[in-house]
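Here is how names work: the chains are called A, B, and so on, in the same order as the sequence lines, proteins then strands, and each is numbered from 1.
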Amino acid sequence: MAPGGGATILHADLDAYYASVEQLLDPSLRGRPVAVGGGVVLAASYEARACGVVAGMPGWRARRLCPGLVTVGGHFAEYQRLAERVVEVLRSFTPVVERVSIDEAFLDVAGARRLFGPPARIAASLRRRVRDQVGLPISVGVARTKHLAKIASQVAKPDGLVVVEPDEEGRFLAPLPVGLVWGVGPATRARLAASGIDTIGQLATTPSVFLERALGQAVAGTLTSLAANVDPRGVAPGRSARSVGAQAALGRRIPSTELVWTTVGYLADRVAGRLRDAGQAGRTVTVRVRFADLRSCTRAVTVPRPVSATRTLAELATVAVHEVLEARPAERVVTLLGVSVGNLVPEKTLQLSLPFTGDVPGGGPATDPGGRLGARRWGSDRAVDAVRARFGRGSVGYARVILGHEGGVPEAFRELAERPVGGGAQRVRSPGAG
DNA sequence: TCTGGGGTCCTAGGACCC
DNA sequence: TCTGGGGTCCTAGGACCC
C-alpha cells in the first residue's frame, strides 16, 4: 500500500552479518578480511569483499584473491542469539516488525512518531542502539514503500542511513543501477543491458509493452509499480513455508545404488522430521540431481496421500533419483542430491498406505499391500522424534559418514537457514552477500 | 583446482475435464 | 468430418533472493 503521508517504512539490514559477529566476538579480527566457512565462503567481511571475496565462493579461491584472509568456522548459535537481541531493539520502537531473514527486517513506524519523533530520527536512534547495545553495524533505508526502503538501505551500506522523502523519489532512483530492483538479477540485468538499459531512470522511460515482452509479466509488473511508487505489500509478518527441502553437495561421486540410498535417506530424514515437527505433510516430492557441469535435472512426483514418514519419502525420492539417472546415461558423476516436499497440508492421520509397491534400489522391497507397514513407520518416526525433542537432533539418526567429504557445511548452518514450517512463525533465512 | 543450503515464484507445455 | 474455449493440475526448468 502506498501510504498517503510521509516516508514511514524502514528497512534495517545488518552489515555482513556473520562476519561482523565474528569481529565482535574476537576483537583481533576487526579491520581484517574475514571469511566464515572453510570449503566454501558463507559470509565475507567488507575488508574481504574489497579483495573480491563473496559468499558462495570456494575457499581456496578466496584465499588466493585475499592472501591475508582469516577463515573462521562460524559461531552459529551466536548468530541466532544476537539476531534476537537486534529484533528486540527494533520492537522497542514499534510492534510492526516484519522479519525477512536472520539479518533483515521491515518496520512501519507510522504509529511511533508521537513517541519517538520523525522516521529519520527513529532510524538514527535505532542504528545507535543496535551499535551500543548489541555491538553490530546496521544500515537503514527509509521511504514510503518497502521496495524503496530496501533500495535505500542497499545504497546506505555499509553502516549508513538513507532517507528518501516522497518528493525526492524520482531523483533518488534515476541514477541507480537496475540490479538494485527486487527481482532483477544477473540474467535480467544482462538482457536489459543488451537494450541499452542500465539505470532505473532509463527503465522508467521504457514502454511497458517492451519490458513485458523482454522480461515477462511478473518482473515487468514489479518495475512498473516501483516507477509508479505503488507497492502492494504492507509490513506484515511473513507467511509460513510452502515447501520443505534439503540438499547435500557431494563433491564428484559415482552415483552408486548405495550412495543414492544413503544420501537420500539422510535428506529424507531431515525433511520428514521437520514436516512432522510442524504437523505438516506434502503430496509433491521433488528431487534434484546435479551433474559435473553443475547443471541440474529435477523430477517431481505427486502422490494422492500426503507424505511425512521418513521411509516413505526416502523410497519415493530414491526411485525418482534413479529415473533421472536413467534418463541421463551419459552422466558419470553427480555433485549434489536434493529432496524437497511441496503441496503441504496439515497432517491429520496415520499414513496407512504406500504410494507404490516394488523394489527400491538400495532399499529393498517396499511391498505393503495391507498398509500395516505405514502404521509401523509412523510409530517409529514418532519414537525418533520424541528422542530428538529431548536430546537434540543429533542424538538419533542416519549415519552421515557419506557426507564427510571436504566442503560439507556444518549442521548448525543448515538449521540457521531453515524457514519455519506452518504456524505463521517468523521467517528466518541465511544472509546473503548483503 | 573448481562452486553451500534454504527457499519463492514464474513460465511454458501437456493432460484432462467439462 | 472437423473442431471451441476455459479451467485445473502437474512437470521441468530457470531466475532470483538471503
Side-chain angles (χ1 to χ4, degrees), chain A residues 13-14 16-18 35-43 54-64 74 76 79 83 99-105 150 154 179-191 212 215-222 238-252 267 270-271 274 283-290 292-304 320 323-324 327 335-344 403 405-421 427-434:
Chain A
D13 199 341
L14 289 155
Y17 181 52
Y18 294 172
V36 177
V40 64
V41 175
L42 302 176
V54 295
M57 180 179 279
W60 63 267
R61 208 171 136 206
R63 283 183 286 274
R64 207 175 58 188
F76 297 97
Y79 304 159
R99 246 182 125 172
V100 288
S101 74
I102 192 170
D103 60 351
E104 194 181 326
K150 166 122 182 145
Q154 300 309 109
L180 286 178
V181 174
W182 204 94
V184 176
T188 305
R189 208 168 53 219
R191 254 179 297 168
E212 212 159 295
L215 310 175
Q217 205 178 312
V219 173
T222 305
R239 289 172 308 166
S240 55
R242 308 178 62 138
S243 67
V244 175
Q247 59 185 44
L250 301 169
R252 290 165 154 259
L267 296 171
R270 289 188 61 87
V271 171
R274 288 180 60 204
R283 287 181 49 232
T284 302
V285 177
T286 305
V287 298
R288 180 152 91 103
V289 181
R290 197 183 64 188
D293 62 358
L294 298 184
R295 309 231 305 177
S296 57
C297 206
T298 63
R299 189 161 200 96
V301 57
T302 299
V303 294
E323 285 171 0
V324 171
T335 58
L336 175 143
L337 294 177
V339 173
S340 167
V341 175
N343 248 325
L344 302 184
L403 300 172
H405 74 286
E406 284 300 311
V409 146
E411 187 79 6
F413 177 78
R414 291 175 179 265
E415 292 185 18
L416 263 195
E418 289 172 359
R419 162 115 52 126
V421 190
R427 300 150 76 181
V428 175
R429 288 176 300 187
S430 67

Inset, instruction - Would you please classify the geometry between the A:Tyr79 ring and the A:Tyr18 ring as parallel, tilted or perpendicular, with 30° and 60° separating the classes? - result: parallel
Inset, instruction - Looking at every strand, decide which applies to A:Arg288 at a 4.0 Å heavy-atom threshold: base, sugar-phosphate, or nothing. - result: nothing
Pick out the pairs of N or O atoms, protein on one side and nucleotides 9-12 of chain B on the other, that lie under 3.5 Å.
residue, atom, partner, partner atom, Å
B:dC9, OP1, A:Arg239, NH1, 3.3
B:dC9, OP1, A:Arg239, NH2, 2.2
B:dT11, OP1, A:Gln217, N, 2.9
B:dT11, OP1, A:Ala218, N, 3.4

Inset, instruction - Mind telling me if C:dC2 is syn or anti? Syn here is a glycosidic angle within 90° of 0. - result: anti
Legend entry - Phosphate-side-chain proximity, A:Ser340 and B:dG7, N/O vs OP1/OP2 below 4.0 Å: no
Inset, instruction - Quick one: label A:Val41 by what it contacts on the DNA or RNA (base, sugar-phosphate, nothing), any heavy atom closer than 4.0 Å. - result: nothing
Inset, instruction - Find out whether A:Val324 and A:Arg288 are in side-chain contact, i.e. whether some heavy atom of one side chain is under 4.5 Å from a heavy atom of the other. - result: no
Inset, instruction - Just call it for A:Arg274: base, sugar-phosphate, or nothing, with non-hydrogen atoms closer than 4.0 Å on any strand. - result: sugar-phosphate
Inset, instruction - Please check the phosphate of B:dG5 (OP1 and OP2 only) for any side-chain N or O of A:Arg414 closer than 4.0 Å. - result: yes
Legend entry - Phosphate contact (B:dG7 OP1 or OP2) by A:Ser243 side-chain N/O below 4.0 Å: no
Legend entry - Earlier contact from the 5' end, DNA chain C, for A:Arg295 and A:Arg283: A:Arg283
Inset, instruction - May I ask you to say what A:Arg252 touches in the nucleic acid, namely base, sugar-phosphate or nothing, with a heavy-atom cut-off under 4.0 Å? - result: nothing
Legend entry - C:dC16 phosphate, OP1 or OP2, under 4.0 Å from A:Thr188 side-chain N/O: yes
Legend entry - side chain to side chain donor-acceptor pair (under 3.5 Å) partners of A:Thr302, counting only residues at least two apart: A:Thr284
Legend entry - Note, A:Leu337 side chain near A:Val287 side chain (heavy atom, < 4.5 Å): no
Legend entry - Range-with-range stems for DNA chain B, at least three Watson-Crick or G-U pairs under 3.5 Å: B:5-18 with C:5-18
Legend entry - A:Trp60 side-chain proximity, nearest of B:dC2, C:dG14, B:dG6: B:dC2
Legend entry - Those residues that, when tested against A:Glu415, pass side chain to side chain contact (heavy atoms under 4.5 Å, CB included) (two or more places apart): A:Arg270, A:Arg393, A:Glu411, A:Glu418
Inset, instruction - Flag yes if more than 12 heavy atoms outside A:Arg242 fall under 6.0 Å of its CZ atom; otherwise flag no. - result: no
Legend entry - Distance test, side-chain N/O of A:Arg299 to OP1/OP2 of C:dG13, below 4.0 Å: no
Legend entry - A:Glu323: side chain to side chain donor-acceptor pair (under 3.5 Å) partners, not counting sequence neighbours: A:Arg299
Inset, instruction - Just call it for A:Val181: base, sugar-phosphate, or nothing, with non-hydrogen atoms closer than 4.0 Å on any strand. - result: sugar-phosphate
Inset, instruction - Please list, chain by chain and in numerical order, all residues satisfying side chain to side chain donor-acceptor pair (under 3.5 Å) with A:Ser243, sequence neighbours excluded. - result: none
